[in-house]
*Asks:* 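Mind looking over this structure? Questions follow.
Side chains are part of it too, since the values below use all heavy atoms of this structure and drop only hydrogens, waters and symmetry mates.
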Amino acid sequence: MTREKPKNLWLSRWGFILAATGSAVGLGNIWKFPYITGEYGGGAFVLMYLACILAIGIPVMMTEIAIGRRGRGSPIDAIGRVVRESGGNPLWKVVGGMAMLAGFMILCFYVVVAGWAFAYTWKMLDGSLAATSVEALGGVFEAHNANPWQLGGWSVLVALLTLWIVAKGVQQGIENAVRWMMPGLALMLVALVGYAFISGSFSAGFGFLFHFDASKITGEALLAALGHAFFTLSLASGAILTYGSYIPDGQSIARTTFVVALCDTCVALLAGLAIFPIIFANGMSPSAGPGLIFMSLPLAFQQMPFGTAFGVLFFAMVSIAALTSAISMIEATVAYLNEKHGISRLHAAMGAGVVLLVISLLAMLSFNLLAGWTPLGKNLFDWLDYLTSRWMMPLGGIFMVVLAGYALRGEIMRDELGLPPAGYALWLFMVRYVSPVLIMVVFLHALGWLMFDPVVQWYWIASAIGLLAVAGEILRPRVMPALVGR
């Protein structure tokens, strides 16, 4: 079968690395990672998180990039072509459609959250955050969300900036944007770490982040680490698969994946080194939860030398991180409209943008005018988050590794990954047996269906991996061809 010729390519290997890192480095790294690290005890959580990146993040990311490059298209088209090359069931394209839909739905509420970061950059400048307590800053945050014009205006700004960059194309839009945004983000993050080193309790923050305390290893912490490792790399949302379709042939997928995962992890750790010393220096709690950067940090910055300037720098950095992630979430949809239906990127971005603006504005209204509208106990903002994070992304991740590990012909992934025999065998073992079990654990935990503590009763996970491996080797030659359509 003749392979699909690429319609778009990154100008360089670093174009993909910066774009994929930008997709991964979003609010999850700078907002969520520090506060969940604080909630789950610091160094022990960090160690579990790094182990989960290796066990789930890297194998699944390699899989998505390889399928994207082999299929050369949006998630629907790329999976369809690769499955057709394997003689498999064309219904596998539904997995690509679910990934695209998940990414778009995430963006519909993500622009609201990203709008908070943009708004707080301005609020640091104009003195709106000059409060004397965390409670007072909580009032500022609630007042911001209660004003639909203010909250909606910042959300629309994020959406329009995202659409403008994507409409300009892969090279002129996305790659050019991340070429300055990602180095700029890195410089700002290093500057903030330097500020924390000089002005904060750096030793306390460093010790909290890297001191290992085995007593902090709990089932809840491990599940949080598993979930964050999976979601922080933008897996099962169409972003990485679409970006992978723009990688030129000959570039090492394994090496590139490790670089992206390393950059993503370094940003998360540096964010912790920038935030925790400042928190400790001001006698605040590192386990302040989601309000850590929108309530605790603004107050801490006000009490430190040059705090306003570095507060502006911090929220500008968060804004850039949010924007690079937002770009990746809509690229799959724009690529699909452009490649499959022949719509120009400008018109594809405009069409997707209209739908995005309508849904995101309705999600924004969940904080004010539509706050009382809670079908089945959740408002629209919460439903978008719940459906994507707890159902669509975990299921998409499981389907993706099953597709790669069982449905595709072995030579396709072997050729695309270009790994030595031992490396390929390790990757195959991970995507067939380890990653599906661990993702399923995250899935069941997120739904509240997990009936055991994975730390205390770790043998249940080990047993599930072992049984899956034995059953897979015995039944796969007989059963899997029928299941995958060959």
Side-chain angles (χ1 to χ4, degrees), residues 12-38 42-43 46 49-50 53 114 117-118 120-121 124-125 175-211 228 232-233 258-282 284 286 292-294 296-298 300-325 327:
S12 68
R13 174 170 172 257
W14 278 102
F16 169 78
I17 289 174
L18 291 174
T21 303
S23 175
V25 175
L27 290 171
N29 290 71
I30 300 174
W31 172 44
K32 188 175 182 180
F33 178 79
Y35 85 71
I36 60 175
T37 301
V46 170
Y49 169 73
L50 295 176
I53 287 285
F118 277 73
Y120 267 59
T121 306
M124 284 297 300
L125 275 170
E175 190 165 0
N176 272 351
V178 297
R179 277 182 181 276
W180 69 265
M181 283 197 289
M182 292 309 297
L185 184 149
L187 288 174
M188 285 188 278
L189 188 53
V190 170
L192 285 163
V193 172
Y195 178 70
F197 181 80
I198 296 171
S199 304
S201 297
F202 193 80
S203 59
F206 186 91
F208 177 78
L209 198 59
F210 294 108
H211 174 69
H228 191 65
T232 189
L233 293 175
F258 273 95
V259 172
V260 172
L262 178 64
C263 291
D264 175 71
T265 304
C266 286
V267 169
L269 294 176
L270 286 172
L273 288 176
I275 292 172
F276 289 130
I278 295 173
I279 291 297
F280 284 120
N282 289 274
M284 297 177 178
L292 186 67
I293 72 169
F294 291 113
S296 298
L297 269 181
F301 279 126
Q302 292 176 50
Q303 298 171 1
M304 303 176 73
F306 308 105
T308 299
F310 280 94
V312 171
L313 187 67
F314 175 81
F315 284 108
M317 177 189 68
V318 177
S319 300
I320 290 175
L323 187 58
T324 57
S325 290
I327 291 166

*Asks:* How long is the gap from OG on S296 to OH on Y35, to the nearest 0.5 Å?
*Replies:* 13.0 Å

*Asks:* Taking all heavy atoms of A271 and all of P34, pick out the closest pair and write down the distance.
*Replies:* CB-CG, 4.3 Å

*Asks:* Run the numbers on T121 and V318 for side-chain contact (heavy atoms from CB on, under 4.5 Å), then give the verdict.
*Replies:* CA-CA 9 Å; T121 306; V318 177; over 6 Å; no

*Asks:* Is it true that a side-chain atom of T324 and a backbone atom of V178 form a donor plus acceptor pair closer than 3.5 Å?
*Replies:* no

*Asks:* K32 and T37: side-chain contact (heavy atoms from CB on, under 4.5 Å), yes or no, with the steps?
*Replies:* CA-CA 8 Å; K32 188 175 182 180; T37 301; over 6 Å; no

*Asks:* Which heavy atom of T21 sits nearest a heavy atom of D264, and at what distance?
*Replies:* CG2-N, 4.3 Å

*Asks:* CG of L189 to CE of M317: how many Å apart, nearest 0.5 Å?
*Replies:* 5.0 Å

*Asks:* Is the shortest heavy-atom distance from the side chain of H211 to the side chain of F206 under 4.5 Å?
*Replies:* no

*Asks:* Do L270 and L192 pass the side-chain contact (heavy atoms from CB on, under 4.5 Å) test, and can you show the C-alpha distance, the side-chain angles, and the key distance before you say yes or no?
*Replies:* CA-CA 9 Å; L270 286 172; L192 285 163; over 6 Å; no

*Asks:* Looking only at heavy atoms, what is the nearest atom pair of M124 and T308, with distance?
*Replies:* O-CG2, 3.5 Å

*Asks:* If you look at every heavy atom in I278 and A300, which pair is closest and at what distance?
*Replies:* CG2-CB, 3.6 Å

*Asks:* Are F33 and Y49, when compared by the centres of their aromatic rings, separated by less than 6.0 Å?
*Replies:* yes

*Asks:* I'd like to know if the side chain of S319 and the backbone of F315 have a donor-acceptor N/O pair within less than 3.5 Å.
*Replies:* yes

*Asks:* Evaluate the side-chain contact (heavy atoms from CB on, under 4.5 Å) criterion for residues F210 and L273: first the C-alpha distance (whole Å), next the side-chain angles of each, then the deciding distance (0.1 Å), finally the verdict.
*Replies:* CA-CA 10 Å; F210 294 108; L273 288 176; 4.0 Å; yes

*Asks:* Show the nearest heavy-atom pair for residues M182 and L18, with the distance to one decimal.
*Replies:* CG-O, 3.5 Å

*Asks:* Out of curiosity, S199 OG to Q303 CD, how far, rounded to the nearest 0.5 Å?
*Replies:* 13.0 Å

*Asks:* CD1/I198 to CE/M304 distance, rounded to the nearest 0.5 angstrom?
*Replies:* 10.0 Å

*Asks:* For the rings on F301 and F310, is their centre-to-centre separation under 6.0 Å?
*Replies:* no

*Asks:* Nearest 0.5 Å, please: how far is CE in M284 from CD1 in I279?
*Replies:* 6.0 Å

*Asks:* For residues F16 and V260, determine if any side-chain heavy atom of one lies less than 4.5 Å from a side-chain heavy atom of the other.
*Replies:* yes

*Asks:* Side chains of M181 and I327, heavy atoms from C-beta outward: is any pair under 4.5 Å?
*Replies:* yes

*Asks:* Is the backbone N or O of A204 less than 3.5 Å from a side-chain atom of S201, with the two atoms forming a donor-acceptor pair by type?
*Replies:* no

*Asks:* For A268 versus N29, what's the shortest heavy-atom pair and its separation?
*Replies:* CB-ND2, 3.6 Å

